2 protein chains.
Amino acid sequence: MIIDKNSPIPQYFQLQTWLLEQIEQGVFKPGDRIPTEAEFSKITGLARATIHQAIQNLVNMGLLVRKRRLGTFVLEKVAAPSNHKIVGLLIPDIRRGYAPVLARGVQDEAAKNNHSVILCDTDDLFVRADFHADRMIENSVSGVIFVPTAVSNMQNKKILDKFKQNDIPIVLVDRTLTYENIDQVTADNIKGAYEMTEYLIKRGHRRIAITLSTLISTERDRLEGYKKALDVYDIPFDEKLIFAHSGPFSEGRYIKIAERIYKSDLDITAVFTGHDRIALVFFAVAKKIGISIPDDISIIGYDDLDFTMISLTTMHQPIYEMGQESMKLIMSRIKGDLSEPQRIILESYLVERVSVKQI
Amino acid sequence: MIIDKNSPIPQYFQLQTWLLEQIEQGVFKPGDRIPTEAEFSKITGLARATIHQAIQNLVNMGLLVRKRRLGTFVLEKVAAPSNHKIVGLLIPDIRRGYAPVLARGVQDEAAKNNHSVILCDTDDLFVRADFHADRMIENSVSGVIFVPTAVSNMQNKKILDKFKQNDIPIVLVDRTLTYENIDQVTADNIKGAYEMTEYLIKRGHRRIAITLSTLISTERDRLEGYKKALDVYDIPFDEKLIFAHSGPFSEGRYIKIAERIYKSDLDITAVFTGHDRIALVFFAVAKKIGISIPDDISIIGYDDLDFTMISLTTMHQPIYEMGQESMKLIMSRIKGDLSEPQRIILESYLVERVSVKQI
DNA sequence: CTTCACTAATTGTCTATACAAATGTACAAT
DNA sequence: ATTGTACATTTGTATAGACAATTAGTGAAG
């Protein structure tokens with residue numbers, strides 16, 4: 001029997017629990033009519049008022065609906081989990097580089113899925129990422145799109161774990177984390193850098209400087225593509241041409257690097273800058289100290305930001321599309337896609353302008 | 001008497017409603033013990049079970065707690081309203097102009113108050129603003145910061161009304177709406193434009209073109225400041241020097257306007273562009289057709305965006321601060337400040353670079 | 001001083017019963 | 001084909017009364 005009259009557990013509660021189980025186990029499916037109170041009364045031997053109370057509780061919980069004359073019915077699962085449709089976006093700084101474009105791609109795709117986007121800047125600092133992560137969890141976001149901060153892998157992992165503990169899907173965008181089996185959307189930086197370097201080589205450049213931050217996966221990848229191209233074209237690799245540091249982007253640092261490169265005696269004919277904002281610094285410094293691009297030195301960038309006033313040969317990154325794709329991925333996870341973590345790699349293409357000289 | 005036995009309204013519901021009123025009006029204060037079920041039964045003449053049902057409903061609603069042997073008590077107001085701390089930001093396009101800086105100012109101030117920001121782009125279209133407004137309301141934001149769209153006042157008012165109907169505080173930023181008694185944060189565009197125009201006049205310019213979109217309040221204000229300066233310095237106002245249109249910013253349109261101005265025979269010596277992005281177009285067009293700034297024509301902008309490669313004399317707008325101030329205002333409204341709508345006007349200052357020639 | 005059993009007050013659960021209200025169905029009237 | 005009406009079924013509300021469970025307070029026992 002369903003009801004144990006000797007149990008200290010209230011009988012209405014026993015019935016309620018039993019009914020809940022039946023519904024959860026699918027014995028009573030959404031849309032089904034459950035037995036009438038009178039029938040239950042007969043089955044269980046309880047008074048109708050007791051049955052009524054049990055059922056009423058489930059109605060209050062939103063699992064059943066009563067319809068006069070018709071009976072009581074199991075409700076469709078309303079997909080109650082998190083009725084506010086919000087996805088978090090963690091980026092370094094909305095004012096810098098490609099961030100606005102990425103944010104826009106994310107948002108447009110979110111809007112298509114009737115979701116809103118909470119935007120948070122990390123400034124490439126762990127504490128900020130951590131702070132914002134807490135608030136996102138507090139606000140029960142349905143998913144998170146995360147541009148890993150330029151800090152240690154371990155610290156980034158801490159952030160990821162926070163979300164994982166709360167069963168919030170995450171997608172990494174642009175930058176990746178080593179040894180992390182997680183959804184990712186990136187551009188093919190190795191291939192892109194290879195093509196860029198090849199482009200320079202084919203125009204006669206052999207002494208190509210490259211700048212990067214070793215904390216940022218994309219820039220490490222670009223160094224790899226750069227080396228690969230040198231290797232393929234039998235150009236000796238020179239450690240002195242690598243201008244690397246381990247920190248986030250800072251204008252001051254690159255002004256110094258640009259000055260060093262312009263004044264060096266390393267026979268550098270071209271600079272593969274880490275990204276367009278660095279290239280812009282190189283243009284500004286060149287202008288200041290009277291060096292002409294591309295006549296005196298060739299500069300290439302990476303990103304294809306919308307500069308208007310300088311004509312930079314660069315690699316167009318599908319930033320907007322990366323935003324879109326990452327949101328698509330999050331949406332499929334939110335909807336319950338449980339397949340293996342995906343790694344989506346988007347194609348970049350070279351945009352030839354006039355910052356490179358044929359030697 | 002409390003209960004009307006002849007009413008079609010269920011008696012338990014009558015009692016429940018009455019109790020709710022008593023609590024809301026403070027007759028039963030938080031912490032108070034309300035009469036026992038038996039007492040209520042005596043007072044109302046209803047069966048104890050009926051009393052029980054009425055009280056149970058209020059317990060379920062979280063207004064009362066029952067304690068065996070002790071009685072039923074009114075709960076402390078848990079101040080449940082909106083436990084997720086989210087503020088909406090409605091801007092035209094996060095990728096354009098000052099939007100990223102504004103967004104950052106808003107966010108930093110929000111973070112200080114442990115709030116998150118939902119970012120939504122309107123593209124200066126009513127339908128988008130409306131769409132995002134609905135979703136913000138759905139997500140029960142605690143407040144909204146709104147850059148009015150470049151559409152009719154009536155349409156913007158519709159958006160405002162939506163939020164007002166849901167008791168969501170709103171602050172208008174940068175652009176204003178005529179005849180709206182509402183919290184606003186703006187820069188003093190009339191004064192700014194006056195100073196800019198005065199600056200040009202003092203450098204010998206008398207034929208000063210000005211560009212604007214009449215849909216945008218800030219640009220209308222700047223026209224006013226411009227006229228005022230001409231008036232003060234006794235320079236005749238020439239309708240032909242006003243290049244106005246009624247639409248949002250479009251690069252194509254301003255390329256045409258720039259070409260028209262550069263090729264005109266109106267003796268224009270300086271152009272007061274509507275904002276820095278327009279100024280940038282003027283620089284690009286000048287470069288393309290071989291005109292030198294400031295030698296052939298002087299250009300001034302408005303905003304002080306971070307351009308690096310062009311040296312534009314412009315009016316620095318406190319965009320970041322406007323973001324901060326608007327969030328401060330929203331926070332005070334969220335916290336229950338019911339004073340009169342405020343209009344916060346921030347100061348701009350002229351940034352002299354080298355895009356203006358002394359005549 | 002601590003522990004324990006008892007008391008009284010109050011809510012919690014339950015029975016049995018009754019009438020009210022809503023509404024799909026069927027059938028009649030128009 | 002539409003409208004009206006009566007009917008049957010089912011949930012909604014209500015009553016009276018009973019016993020169970022909980023627990024602060026009291027006073028007795030250790």
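The basis for the numbers below is simple: all heavy atoms, side chains too, and nothing from hydrogens, waters or symmetry mates. Keep in mind that this is a model prediction, so the values were computed, not measured. The chains referred to below are lettered A, B, ... by the order of the sequence lines, with proteins before strands, and numbering in each begins at 1.
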Subject >> Side-chain touch L119(A)/I94(A), heavy atoms, less than 4.5 angstrom >> reply: yes

Original post:
How long is the span from the CZ atom in F28(B) to the CD1 atom in I34(B), to the nearest 0.5 Å?
Top reply: 6.5 Å

Subject >> Worked check of salt bridge (charged side-chain N to carboxylate O under 4.0 Å, His left out) between K328(A) and E325(A) >> reply: CA-CA 5 Å; K328(A) 278 183 194 164; E325(A) 286 302 319; 3.4 Å; yes

Residue [X], side-chain heavy atoms: nucleotide from [options] that is nearest:
X: Q56(B); options: dG12(C), dT15(C), dG12(D); result: dG12(C)
X: R48(A); options: dA16(D), dT15(C), dG12(D); result: dG12(D)
X: E37(B); options: dG12(D), dT11(C), dT15(C); result: dT11(C)

Whole Å only: how far is the [atom1] atom of [X] from the [atom2] atom of [N]?
X: I51(B); N: dT15(D); atom1: CD1; atom2: P; answer: 8 Å
X: E39(A); N: dT11(D); atom1: CD; atom2: C1'; answer: 13 Å
X: L64(B); N: dT10(C); atom1: CG; atom2: P; answer: 16 Å
X: F73(A); N: dT10(D); atom1: CZ; atom2: C1'; answer: 10 Å
X: Q53(B); N: dA16(D); atom1: CD; atom2: P; answer: 15 Å
X: H52(A); N: dA20(C); atom1: NE2; atom2: P; answer: 17 Å
X: F40(A); N: dA16(C); atom1: CZ; atom2: P; answer: 18 Å
X: Q11(A); N: dG12(C); atom1: CD; atom2: P; answer: 17 Å

Subject >> Toward the 5' end of DNA chain C, by each residue's nearest nucleotide, F13(A) or I55(B) >> reply: I55(B)

Subject >> Given DNA chain C, 5'-ward residue of the pair L70(A) and A49(A), judged by closest heavy atom >> reply: A49(A)

Quick one: is [X] getting a side-chain N or O under 4.0 Å of the [N] phosphate, OP1 or OP2?
X: T36(B); N: dA9(C); result: no
X: T72(B); N: dT10(C); result: no
X: R66(A); N: dT10(D); result: no

**OP:** Indicate yes or no for a side-chain donor-acceptor contact from H132(B) to the backbone of D121(B) under 3.5 Å, with no hydrogens or angles considered.
**Re:** yes

Original post:
Any side-chain donor-acceptor pair under 3.5 Å between R128(A) and T122(A)?
Top reply: no

Original post:
Which part of the nucleic acid does L46(B) contact within heavy-atom distance under 4.0 Å: base, sugar-phosphate only, or nothing?
Top reply: sugar-phosphate

Original post:
With sugar-phosphate meaning primed atoms plus P, OP1 and OP2, does Y12(B) contact a base, only sugar-phosphate, or nothing at under 4.0 Å between heavy atoms?
Top reply: sugar-phosphate

